[in-house]
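Worksheet: the structure to be examined is printed underneath.
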Amino acid sequence: MLKQVPVAVLCSGGGTNLQAILDSAAAGAIPSGEVVLVVSDNASAYALERAAKAGVETAVFDRKVISDRREREARILALLQERKIGLVVLAGFMTILSEKFTRAFENRIINVHPSLIPSFCGEGYYGLKVHEAALRRGVKVTGATVHFVNEVCDGGPIILQKAVCVEEGDTPETLQKRVMREAEWQILPAAAELVCKTILDEQER
Ligand code: GAR
């Protein structure tokens, strides 16, 4: 019987969401899971340094080195299965996963997206582009969503959402920062705990 679900976090960049998970875990707020692996498709991702500082094992499958998306994905999948990962967290991971991958971890992959899905989501909406689109449309409220990942980009069942106000004079950068601070860094660790707890509860049945 597992006491904690082994968690892998997949990142491509700065890794502030990874940091939020590591900090929450250190504070005892993710008792049902343990981050055992951080995977990046970008060798220069700062997320890798954050993982190393926290003493978490890292693995790199660099986009520039393994340019074939299918091959990269197959190697990541093999590693996750070898390590018996129970939950995969996409935290700013910029490769869209194939159906083969999402099926292998059905209901075991969650993603954080920087808008209130179904607004400003799907292919082409990532990072700053999401906030540029929100400002262009003139919405007064935006936010973040954590959802399960299936074969439809940003289309899986929603787990948690949090709204954030757009302020007068916001730029994509100021809005991104506020959405991260007020929403993403809170709901991603909370959702990770929620899903890990459900996995543990299911194994007891
Ligand atoms: C976050 O804002 C995350 O929501 C977004 O990329 C950023 C990564 O920042 N993800 C997407 O846009 C996915 N469609 P981080 O590396 O500092 O966590």
Side-chain angles (χ1 to χ4, degrees), residues 7-25 30 35 37-54 56 58-63 69 73 76 88-98 101-102 109-137 139 141-164 166 170-192:
V7 176
V9 184
L10 276 51
C11 314
S12 301
T16 64
N17 278 288
L18 166 68
Q19 192 66 56
I21 291 173
L22 294 171
D23 292 347
S24 286
I30 313 184
V35 179
L37 182 65
V38 169
V39 174
S40 180
D41 58 1
N42 170 13
S44 38
Y46 187 65
L48 292 165
E49 287 181 42
R50 296 180 189 272
K53 263 187 212 150
V56 177
T58 58
V60 178
F61 299 90
D62 195 281
R63 262 178 279 182
R69 189 165 65 91
E73 193 191 90
I76 294 172
V88 179
V89 178
L90 307 184
F93 188 62
M94 296 304 169
T95 296
I96 294 176
L97 300 170
S98 74
F101 192 108
T102 58
I109 312 175
I110 64 173
N111 176 52
V112 63
H113 183 78
S115 75
L116 293 174
I117 288 175
S119 291
F120 313 117
C121 65
E123 274 199 66
Y125 286 100
Y126 57 88
L128 267 185
K129 287 181 193 290
V130 178
H131 305 292
E132 282 163 7
L135 289 176
R136 214 179 301 124
R137 185 62 186 83
V139 293
V141 175
T142 183
T145 303
V146 179
H147 62 92
F148 283 110
V149 175
N150 62 15
E151 69 285 356
V152 182
C153 180
D154 295 328
I158 289 169
I159 303 167
L160 290 175
Q161 288 189 305
K162 191 156 189 278
V164 173
V166 177
D170 259 339
T171 63
E173 289 79 9
T174 60
L175 184 56
Q176 178 183 53
K177 195 76 208 209
R178 189 174 322 107
V179 167
M180 283 177 156
R181 200 177 47 238
E182 293 183 10
E184 296 185 48
W185 300 342
Q186 297 177 26
I187 63 173
L188 185 59

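Just so you know, ligand 1 is whichever comes first in the structure, and atom 1 is the first atom listed for that ligand.
- Residue contacts with ligand 1: Gly127 is included, with a non-hydrogen atom under 4.0 Å away.
- Nearest protein heavy-atom neighbour of atom 17 (O) of ligand 1: Thr16 OG1, 2.6 Å.
- Rounded to the nearest 0.5 angstrom, Lys162 NZ and Ile187 CD1 are separated by 8.5 Å.
- When only interatomic distances are considered, the shortest N/O to N/O separation between Gln176 and ligand 1 does not fall below 3.5 Å.
- Every N/O-N/O distance between Val130 and ligand 1 stays at or above 3.5 Å.
- Every N/O-N/O distance between Leu18 and ligand 1 stays at or above 3.5 Å.
- Evaluated for a side-chain contact (heavy atoms from CB on, under 4.5 Å) with Leu90, the options Leu97, Ile110, Val112 yield exactly one hit, Leu97.
- Residue contact annotation: Lys129 has no non-hydrogen atom under 4.0 Å from ligand 1.
- Not one N or O on the side chain of Asn111 forms a donor-acceptor pair closer than 3.5 Å with the backbone of Val149.
- Inspection of the Asn42 and Ser12 side chains reveals no N or O donor paired with an N or O acceptor under 3.5 Å.
- Heavy-atom proximity to Met180, at under 4.0 Å, picks out these atoms of ligand 1: 1 (C), 2 (O), 9 (O), 17 (O).
- With hydrogens left out, the protein atom closest to atom 6 (O) of ligand 1 is Met94 CE, 3.4 Å, a heavy atom.
- Listed by number with element, the atoms of ligand 1 under 4.0 angstrom from any heavy atom of Gly92 are 6 (O), 8 (C).
- Here the shortest heavy-atom pairing between Ser98 and Glu73 reads OG-OE1, 2.5 Å.
- Polar contact check, Asn17 against ligand 1: a nitrogen or oxygen pair lies under 3.5 Å apart.
- Among the atoms of His113, some N or O lies under 3.5 angstrom from an N or O of ligand 1.
- The minimum heavy-atom distance between Leu160 and Ala190, with the atom names listed, is CD1-CB, 3.8 Å.
- Side chain of Arg63 to backbone of Thr95: no donor-acceptor contact under 3.5 angstrom is found.
- Here the protein heavy atom with the shortest distance to atom 16 (O) of ligand 1 is Gly15 N, 2.8 Å.
- No heavy atom of Cys11 sits closer than 4.0 Å to any atom of ligand 1.
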Taking only distance into account, with no hydrogens and no angle test, what donor-acceptor pairs under 3.5 Å do side-chain atoms of residues 116-130 form with protein atoms, sequence neighbours excluded?
none

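- Which of Glu184, Gln19, His131, Glu123 comes nearest to atom 1 (C) of ligand 1 through a heavy atom is settled by distance: it is Glu184.
- Shortest contact from atom 11 (C) of ligand 1 to any protein heavy atom: Pro114 CD, 3.7 Å.
- Distances shorter than 4.0 angstrom occur between a heavy atom of Tyr125 and an atom of ligand 1.
- For the atom pair CG of Asn17 and CH2 of Trp185, the computed distance is 8.0 Å after rounding to the nearest 0.5 Å.
- In this structure, the side chain of Ser40 engages the main chain of Cys11 through a donor-acceptor pair within 3.5 Å.
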